[in-house]
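Below is one structure, written out as structure tokens, with a few remarks after it.
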Amino acid sequence: RKVLEGDMRQRLCVILLALWSLAALAAPPEGFTAAMERLQGDPALNGAKIGILVQSLDDGAVWYAKNEGLPLIPASTAKLVTAALALEYLAPDYRFTTTLAVDGPVNDGVLHGNLYLKGGGDPVLTPATFRAWAQQLYDGDDSANRPALREIRGRIVIDNAFFPNPDPLRGPGWEKADLPWYYAAPPTALACNQNAVRLTVRGTAPGAPPSVTFDPPTALFTVVNQAKTANAVRKPLEVLPNGTTVRIIGGIAPGKEVVERLSVPAPDRFAVEQFTAALRDAGITVTNDPALKGTAEPAVLLTHHSPTLREIIYPMLKDSDNHTAEQVRLTLLALYSLEPPVAGRYPIMVTNYCELSDIVTGNFFLVDGSGLSRQDRMSPRGAVRILTHMALSAHFAVWYHSLPVAGRDGTLKTRMADTRAAGNARAKTGTMTGVSSLAGYVTSQAGERLVYAVMLNDYRGSSAAARRLQDSIVGLLADQ
């Protein structure tokens, strides 16, 4: 009995010691809370809504909380949820599929019918992809029972039926001023070059208009070039897109360039234009005017598979690629959500995911995958919950590898470079006018893994003060 009592006392001591160790770990370092409060004293942030949550990933202890349940506009930090959903429902090795199909026979190199491009949501199709397809069609493949093609006596038809609505599906709440620019390009099931083009304005001789070129070349825009080349520029050059018209005003010095990326106003026309050009470059003539929309018949000539989702999510998070996020969102809806109407499906999908993942609902209301919408809401607690959940996921390695690294790459390449957070902190940024968010992971100097979200709305002026606060907080965490 004495042996048993001694053994029980020894076990009790071990338990108490373990509890004492956890308690010691649970408490943030002395002076930490005061330091956090001091960092928020910048007058430039007066009147801003600030939500912060810092939590230990090792034991779940909360180090600091302020307005952690406040629903805030997350901007691109919403892509954390998009990536989590994609990894959960599609899996890292998922590939987007595009097919080329015909509705008529091929005799002696001539297609007597239409050629269909059936989109499957691939976010990384480019004119180079189209050229590769055209060359494969020209060459033919006896082993695949695909005859060599020289002429199409029909039309090129774009099939966007894979997405739940045939029209461009920009998210609700996107600002009108954003729509002409590449970062707000419309998602479509068959998207070429992310439905965007690069416009380059180059100064020529003094007194002459600058040159204007598009990459890839396109005839879909009408350029009104009112700019002048001048040695002494009085008014800087501006590019003013409005639908299919691009007005260029102001001045530019000889040899200087201004480059802008524009969204294409008619993605189907753009895809037809680019694929028709690829066919002709390969030596395949198209005799009829192209159609714009249609539904592919099942006679498949060629099937294309994208890189894996793990490869596609990498730039989506590292570089905050809006178009990829929207292509992923709509692919998820196409495969896993049939009800209710399109506009209401994504918020329900997010809620269902949270419930299945034991993440408290009510921390998110997201209407798009990119975070461009000002209708989106996320609390700091919600961001931390997603980050914590993914840290326990089988897909964590893919997720973690895709997040920007402080002072090293992506949207954090120039931030926190001279702090202990450099090469250590990984986080997703989010920025739009009056909105700045940062949520991710960092390891303290003592070796504790921390997860954090620092979100600001309604500040005035630039985002510089908000970013200083975020960087200072993450730097402070790394110093502990």
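- Between Ser444 and Leu450, the closest heavy-atom pair is CB-CD1, 4.3 Å.
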Let me have the donor-acceptor pairs involving side chains of residues 472-480, under 3.5 Å, with sequence neighbours excluded, atom names and distances please.
from: Ser472; atom 1: OG; to: Arg468; atom 2: O; distance (Å): 2.7
from: Asp479; atom 1: OD1; to: Arg420; atom 2: NH1; distance (Å): 2.9
from: Gln480; atom 1: NE2; to: Leu476; atom 2: O; distance (Å): 2.8

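- Remark: the Ser263 side chain and the Asn195 side chain contain no N/O donor-acceptor pair separated by less than 3.5 Å.
- Donor-acceptor pairing under 3.5 Å is lacking for the side chains of Glu257 and Thr200.
- Ring pair Phe214/Phe221 is parallel by interplanar angle, where below 30° counts as parallel and above 60° as perpendicular.
- In this structure a side-chain-to-backbone donor-acceptor pair under 3.5 Å is missing from Asp319 to Asp321.
- Summarising the geometry, atom CD belonging to Glu326 is positioned 4.0 Å from atom OG belonging to Ser370; distances are rounded to the nearest 0.5 Å.
- Asp409 and Lys318 are joined by a salt bridge, as a carboxylate oxygen and a charged side-chain nitrogen come within less than 4.0 angstrom of each other.
- Arg170 places a side-chain N or O within donor-acceptor distance of the main-chain N or O of Ala184, the cut-off being under 3.5 Å.
- When atom types are taken as modelled, the side chain of Asn457 and the backbone of Lys49 share no donor-acceptor pair closer than 3.5 angstrom.
- Atom CZ in Arg310 sits 9.5 Å away from atom CZ in Arg95 (nearest 0.5 Å).
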List the steps and the verdict of side-chain contact (heavy atoms from CB on, under 4.5 Å) for Phe275 and Ile158.
CA-CA 10 Å; Phe275 190 58; Ile158 303 300; over 6 Å; no
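- The distance from atom CG of Asn424 to atom OG1 of Thr419, rounded to the nearest 0.5 Å, is 8.5 Å.
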Is there a side-chain contact (heavy atoms from CB on, under 4.5 Å) between Thr431 and Arg467? Walk through the geometry before answering.
CA-CA 10 Å; Thr431 305; Arg467 292 187 179 193; 3.3 Å; yes
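- Between Asp59 and Ser56, the side chains place a donor N or O and an acceptor N or O closer than 3.5 Å (distance only, hydrogens not considered).
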Run the side-chain contact (heavy atoms from CB on, under 4.5 Å) test on Phe130 and Leu279 for me, step by step, so that the C-alpha distance in whole Å, both residues' side-chain angles and the decisive distance to 0.1 Å come before the verdict.
CA-CA 8 Å; Phe130 283 8; Leu279 290 170; over 6 Å; no
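- In this structure, CH2 in Trp133 is found 10.0 Å from OG1 in Thr303, a value given to the nearest 0.5 Å.
- Screening Asn193, Asp281, Asp215 against Pro127 for a side chain to side chain contact (heavy atoms under 4.5 Å, CB included) leaves a single residue, Asn193.
- At least one side-chain heavy atom of Leu335 sits under 4.5 Å from a side-chain heavy atom of Tyr94.
- Counted within 6.0 Å of NZ on Lys66, heavy atoms from surrounding residues, nucleotides or ligands total more than 12; the atom is thus considered enclosed.
- Thr99 contributes no side-chain N or O that, together with a main-chain N or O of Ala101, makes up a donor-acceptor pair within less than 3.5 Å.
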Which is it for Leu72 and Arg377 under the side-chain contact (heavy atoms from CB on, under 4.5 Å) test, yes or no, and what are the steps along the way?
CA-CA 5 Å; Leu72 296 166; Arg377 292 294 184 273; 5.7 Å; no
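- A donor-acceptor contact closer than 3.5 angstrom is absent between the side chains of Lys118 and Asn160.
- No hydrogens or angles considered: nothing links the side chains of Thr324 and Gln327 as a donor-acceptor pair under 3.5 Å.
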Show me, pair by pair, the donor-acceptor contacts under 3.5 angstrom made by side chains of residues 397-406, not counting sequence neighbours?
from: Trp399; atom 1: NE1; to: Tyr441; atom 2: OH; distance (Å): 3.0
from: Ser402; atom 1: OG; to: Val398; atom 2: O; distance (Å): 2.8

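- Atom OG1 of Thr433 sits about 6.5 Å away from atom CD of Glu175, to the nearest 0.5 Å.
- Donor-acceptor pairing under 3.5 Å is recorded for the side chains of Tyr64 and Glu37.
- For the residue pair Thr97 and His305, a side-chain donor N or O sits within less than 3.5 Å of a side-chain acceptor on the partner.
- Around the CG atom of Asp93, the shell of radius 6.0 Å holds more than 12 heavy atoms that belong to other residues, nucleotides or ligands.
- You'll find the side chain of Phe270 reaches within 4.5 Å of the side chain of Pro216, heavy atoms only.
- A donor-acceptor pair is defined here as one N or O able to donate and one able to accept, closer than 3.5 Å; such a pair exists between the side chain of Gln274 and the backbone of Pro217.
- Asp368 and Tyr346 are not linked by any side-chain donor-acceptor pair at a separation below 3.5 angstrom, with hydrogens and angles left out of the test.
- At a threshold of 4.5 Å between non-hydrogen side-chain atoms, the residues Val367 and Pro347 count as touching.
- Between Pro187 and Leu330, some side-chain heavy-atom pair lies under the 4.5 Å cut-off.
- When all heavy atoms of Pro92 and Leu87 are compared, the pair lying nearest together is CG-CD2, 4.0 Å.
- Considering only heavy atoms from C-beta on, Cys354 stays 4.5 Å or farther from Asn363 through its side chain.
- In summary, the side chains of Ser379 and Arg385 do not present any donor paired with an acceptor at a separation below 3.5 Å, with no hydrogens or angles considered.
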Kindly indicate, with the supporting measurements, whether the criterion side-chain hydrogen bond (donor to acceptor under 3.5 Å, both in side chains) is fulfilled by Ser320 and Lys428.
CA-CA 8 Å; Ser320 204; Lys428 184 69 199 76; 3.0 Å; yes
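- Side-chain contact check for Lys79 and Ser76: at least one donor-acceptor pair (N or O, by modelled atom type) lies under 3.5 Å.
- If you check the side chains of Gln55 and Thr388, you find no donor sitting under 3.5 Å from an acceptor.
- Heavy-atom minimum distance, Val233 versus Lys235: CG1-O, 3.4 Å.
- The OG1 atom of Thr188 sits 9.5 Å away from the CG atom of Leu125 when rounded to the nearest 0.5 Å.
- Across all their heavy atoms, Arg329 and Gly369 have their closest contact at CD-N, 3.2 Å.
- Tyr336 places a side-chain N or O within 3.5 Å of a backbone atom of Tyr89 that can act as its donor or acceptor partner.
- With hydrogens and angles disregarded, no donor-acceptor distance shorter than 3.5 Å links the side chain of Asn242 to the backbone of Thr245.
- Annotation: side chain of Met390 is not in contact with side chain of Leu392 (no heavy-atom distance under 4.5 Å).
- Pairing each heavy atom of Ile249 with each of Gln226, the nearest pair is CG2-OE1, 3.4 Å.
- Here the side chains of Gln40 and Leu45 are not in contact, with every heavy-atom distance at 4.5 Å or above.
- Side-chain contact between Pro210 and Asn225: present, with at least one pair of heavy atoms (C-beta onward) separated by less than 4.5 Å.
- The shortest non-hydrogen separation linking Ile312 to Pro123 is CG2-CG, 3.8 Å.
- Side-chain atoms of Arg374 do not come within 3.5 Å of backbone N or O of Gly371 as any donor-acceptor pair.
- Checked by atom type and distance alone, the side chain of Asp471 never pairs as donor or acceptor with a backbone atom of Arg415 at under 3.5 Å.
- Distance alone, capped at 3.5 Å, places no donor-acceptor pair between the Thr443 side chain and the Gly447 backbone.
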